[in-house]
Amino acid sequence: MFKDKNDVRRVGIIGVGEYLPKKVLTNADLEKIVETSDEWITTRTGIKERRIAAKEEAVSDLAVKAAQAALADAGVLAADLELIIIATITPDMQFPSTACFIQKSLGAKKAACFDISAACAGFVHAIVIAQQFISTGLYKNALVVGVEVLSSITDWQDRNTCVLFGDGAGAAVLAPVKSGGILSSYLGSDGTQAELLMLPAGGSRYPTTHETVDKRMHYLKMQGNEVFKLAVNVMADAAQIVLKKAGLECSDIDLVIPHQANIRILLALAKKLNLPEDKVYFNIEKYGNMSSASTATALCQAIREGRIKKGDIVLLDAFGAGLVWAACVIEW
Ligand code: ACO
């Protein structure tokens, strides 16, 4: 078995996959729904269009397609999967876990299954969690999926939020690797900022009633500018922490795969890390903010486009509602 100096197994990503719904919603389409403009959305966020799931598509439907692509890429059979972790804030239902629906669709009978709630940082959290299970030897592989149908919790009357989000899924298969793999990882949280970004109703605090629906409390609420101020700092700090843990410098990074919340956040992050823009991967223009699916699909697309090669140092860096944040450094 391949072990590092701490006598744990090295873990890497051995396959990736994605699925984006067919329907494209452009800024011009949004101009017909709320008081906004392509100019405002483009300059304030960098988003031009986003994907919207079909009415009959739930989160698990998107996830299964991304998962099947990742399993094929990894050369792993669903029947051999030992762990499935789904990162989502838009599960099919409050319970059972979306991971169990996905297990059923994949036929992954042997797998342990659960969901995690870490919003936009969910995919990176799930990778770090899966890494722990595999490095200790409890499981020999894991499927992690970052997946969202944010259109189902978006208030299409609120121009402050409805222009930002999209739907999609990205998946990764993790397993022990002989060299490289995840070099370091870090998770952080600040619950004092929990009010900044939430879906207030539908849980035990405000169970769904006619009143909560009338007050539109079943839709995502966000204090965008407050989140913006914190985002750059927590992402930059997380990056510095994982680089230091891995014994690396910013200049060692070949590509950053950040959460895609706003182009201005990503450009500020690049500046703070003293990295040229071409070392940061962007897919926000085409897909908007897909929460946990943003980092997942960005990783998949970067690999497909040849932006990540064997031996490259890749930084995954994300933040989201909670507030929570997560980063890891991977040698490809
Ligand atoms: N079209 C036109 N005008 C708009 C729109 C719109 N779609 N939305 C807001 N405005 C207006 C506001 O009403 C405001 O007008 P006012 O000055 O007359 O009051 C003005 O634009 C500026 O509003 P701000 O909110 O200050 O705009 P800001 O520059 O902060 O940009 C944005 C807003 C894009 C939301 C930005 O703050 C942002 O990206 N924040 C971070 C979001 C984020 O990272 N979320 C975390 C992840 S999401 C998750 O976890 C699910």
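Computed over heavy atoms, backbone and side chain alike; hydrogens, waters and symmetry mates excluded. Given the structure is predicted, the values throughout are model-derived calculations rather than measurements. Note that ligands are numbered from 1 as they come in the structure, with each ligand's atoms numbered from 1 the same way.
Nearest-heavy-atom check against atom 34 (C) of ligand 1 across Asn262, Asp38, Asn27 picks out Asn262. Heavy-atom proximity to atom 28 (P) of ligand 1, evaluated over Met235, His259, Arg264, is greatest for Arg264.
When non-hydrogen atoms are compared, ligand 1 lies under 4.0 Å from the side chain of Thr45 (C-beta onward) but not from its backbone.
On a distance-only criterion, Asn289 and ligand 1 share no N/O pair closer than 3.5 Å. Every N/O-N/O distance between Ser291 and ligand 1 stays at or above 3.5 Å. An N or O contact shorter than 3.5 Å links Gly224 to ligand 1 by distance.
Nearest protein neighbour of atom 26 (O) of ligand 1, counting heavy atoms only, is Asn225 ND2, 3.5 Å.
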Check your understanding: Would Lys221 and Asp158 satisfy salt bridge (Lys or Arg N to Asp or Glu O under 4.0 Å), going step by step from the backbone distance to the final call?
Key -> CA-CA 9 Å; Lys221 312 282 178 209; Asp158 177 14; over 6 Å; no
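Within a 4.0 Å radius of atom 19 (O) of ligand 1, the protein contributes no heavy atom. Taking a distance limit of 4.0 Å, we find that atom 31 (O) of ligand 1 is approached by some protein heavy atom.
When only modelled atom types and interatomic distance are considered, Thr90 and Glu148 share a side-chain donor-acceptor pair under 3.5 Å. Asn262 and Thr45 share no donor-acceptor pair across their side chains, judged by distance under 3.5 Å alone.
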Let me check something: any side-chain donor-acceptor pairs from residues 275-283 under 3.5 Å, sequence neighbours excluded? List them with distances.
from	atom 1	to	atom 2	distance (Å)
Lys279	NZ	Ile253	O	3.0
Tyr281	OH	Glu305	OE1	3.0
Tyr281	OH	Glu305	OE2	2.8
Asn283	ND2	Thr297	OG1	3.3
Asn283	ND2	Gln301	OE1	3.1

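We find that Arg216 and Asp155 are joined by a salt bridge, their nearest charged nitrogen and carboxylate oxygen being less than 4.0 Å apart.
Of all the atoms in ligand 1, the ones that sit under 4.0 Å from a non-hydrogen atom of Phe165 are 48 (S).
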